[in-house]
Amino acid sequence: MGLPAELLEGGYAGLLRPVLFASHGGDPEAIHEQLIGILAAVGDAPLLRGLLEFVSSSSGASAEVAGVRFPNRVGLAAGMDKDGLAARAWASLGFGFAEVGTVTAQAQPGNDRPRVFRLRESRALINRMGFNNHGAAALARTLAEAGIVRGNGGAGIPIGVSIGKTKLVAVEDAVADYLTSLEAVVPHADYVAINVSSPNTPNLRTLQDGGALAELTSALVARAAELEARPVPIFVKIAPDLSWEQIDEVLAACEAAGIAGMIATNTTLSRDGLASSDHEASHQAGGLSGAPLTVRALEVVRYVAEHTRLPVIGAGGIMTTDDARRMFDAGAALVQLYTGFIYQGPGLIAAINAADTRRYPR
């Protein structure tokens, strides 16, 4: 059990975050890469993992979703650990699961730099990374070398893998591209998330259209059933910018295909809710995450939970314990952090877990 949430939050905000945000000339992506490198080293060293766990770890209410047992309901969202390099470190920070990726069938560099922008007054980020990763096969090797196999608890927590479309592959050929990634990562994934909602790969979001999504999800669910006697659960991650009618189409396609659950939401193209001091950065292309997304992500989670029996993972704009509580109250079975973790650190994980444990004591 780590330090109290208040102490973690204060230490991060007052000491560590200023140093992190000022390093590398304030370049958010360079800071991100350094952090992943440090956590990768921690994950490879049991003594360092134990020390991190002593300082930061927390326990919360457990849950079973889509046949997977989660030790607590707070997870790491995709995008933070794209190549799974730090997969063995996330449990020590208090997370109940981690989603690595998004990976694609082919390795790709992503979009040109700079491609990450911090909007501090808005407590937000804009990114146009473009699925930069070493490829699904490389991720599978990394997880295998770390001893992470589906169901074996090698990371201490369940590991999900997010898969997306290779940029150079035409949308018409997306199904085969996703199948290649699925086949590579299945042995090491406790669940697989289909990313069809990033705004940073051209035409990717068209795969959320009813017909295209029905074809993609049906093919992936069928292949998962062929690969293992107990098929890996497959989730679909949707954009916050869909209309209610479009979400209805998405849910119908997912239910018909046998999808195991939904993740709501990805980043948004909207620039509503930004502080006036951040308006210049708002013209940057890419997806917006953080506090400006809080209200819309919650609306989408509530709508999805009310219109399907599929479990929902709530993501987007979770910056405080109350944001997480509202997600749970709206019907989310689990939540994921990304921007909130960057701004608030491990204290946010601990605070959400502590509040969840008070509501659902063991």
Side-chain angles (χ1 to χ4, degrees), residues 36 39 43 60 62-91 93-105 131 133 135-136 138-140 142-144 146-164 178 181-198 217 220-221 223-224 227-228 230-238 254 258-266 301 310-316 318 327 332-338 341 349:
I36 293 300
L39 289 174
S62 62
E64 183 171 321
V65 179
V68 180
R69 191 70 180 173
F70 296 88
N72 70 61
R73 300 201 291 168
V74 185
L76 179 75
M80 180 68 70
D81 190 3
K82 289 179 178 291
D83 292 300
L85 300 175
R88 289 193 294 188
W90 299 115
L93 284 166
F95 284 111
F97 64 105
E99 189 173 308
V100 299
T102 296
V103 291
T104 51
F131 292 165
N133 72 103
L139 172 65
T142 296
L143 295 178
I148 298 171
V149 176
R150 181 189 176 195
N152 78 338
I157 52 175
I159 295 294
V161 177
S162 174
I163 59 175
Y178 277 91
S181 294
L182 177 74
E183 291 164 0
V185 305
V186 153
H188 308 284
D190 292 296
Y191 71 87
V192 171
I194 307 173
N195 189 338
V196 288
S197 50
S198 169
T217 53
L220 289 170
V221 170
R223 185 63 180 134
L227 291 170
E228 297 185 316
R230 184 171 63 88
V232 66
I234 298 178
F235 287 70
V236 170
K237 187 170 187 175
I238 63 173
C254 290
I259 288 296
M262 308 300 300
I263 303 176
T265 66
N266 212 316
V301 166
L310 297 175
V312 185
I313 299 178
I318 301 174
M327 280 286 193
L334 308 167
V335 296
Q336 291 179 323
L337 307 180
Y338 185 98
F341 174 63
I349 310 166

Under the side-chain hydrogen bond (donor to acceptor under 3.5 Å, both in side chains) test, which residues partner [X], sequence neighbours left out?
X      : value
Thr104 : Asn133
Thr102 : Ser162, Asn195
Arg223 : Glu183, Glu226

Residues forming a side-chain contact (heavy atoms from CB on, under 4.5 Å) with [X], sequence neighbours excluded:
X      : value
Ala144 : His188
Val186 : Leu182, Leu227, Glu228, Val232
Ala260 : Ala66, Pro233, Phe235

What closest approach, in Å, do [X] and [Y] show between heavy atoms, and which atom pair accounts for it?
X      : Y      : value
Leu310 : Met262 : CD1-SD, 4.0 Å
Ile163 : Ser181 : CG2-CB, 3.8 Å
Glu99  : Ala193 : OE2-CB, 3.5 Å
Met327 : Val335 : CB-CG1, 3.8 Å
Ala98  : Trp90  : CB-CD1, 3.9 Å
Pro311 : Val65  : CB-CG1, 3.7 Å

Quick one, [X] and [Y] - any side-chain contact, counting heavy atoms below 4.5 Å?
X      : Y      : value
Val312 : Ile263 : no
Thr217 : Ile234 : no
Leu337 : Leu76  : no
Asn266 : Ile238 : no
Phe131 : Val103 : no

Checklist outcome for this item: Distance col, row Leu139:CG vs Ile159:CD1, nearest 0.5 angstrom, shows 9.5 Å

Next on the checklist: Can you tell me how far apart CG (Leu39) and CG (Leu93) are? Round to the nearest 0.5 Å.
Outcome noted: 6.0 Å

Item to check | Those residues that, when tested against Phe97, pass ring pair (Phe, Tyr, Trp, His ring centres under 6.0 Å) (two or more places apart) | outcome: Phe70

Checklist entry - With sequence neighbours excluded, what pairs up with Tyr338 under the ring pair (Phe, Tyr, Trp, His ring centres under 6.0 Å) test? => result none

Item to check | Test side-chain contact (heavy atoms from CB on, under 4.5 Å) applied to Gln336 and Met80, step by step | outcome: CA-CA 11 Å; Gln336 291 179 323; Met80 180 68 70; over 6 Å; no

Next on the checklist: Does anything in residues 79-88 form a salt bridge (Lys or Arg N to Asp or Glu O under 4.0 Å)? List the pairs, not counting sequence neighbours.
Outcome noted: Asp44-Arg88

Checklist entry - Given Tyr178 and Val196, is the side-chain contact (heavy atoms from CB on, under 4.5 Å) satisfied, shown in steps? => result CA-CA 10 Å; Tyr178 277 91; Val196 288; 3.7 Å; yes

Checklist entry - Is there a donor-acceptor contact under 3.5 Å from the side chain of Asp190 to the main chain of Val68? => result no

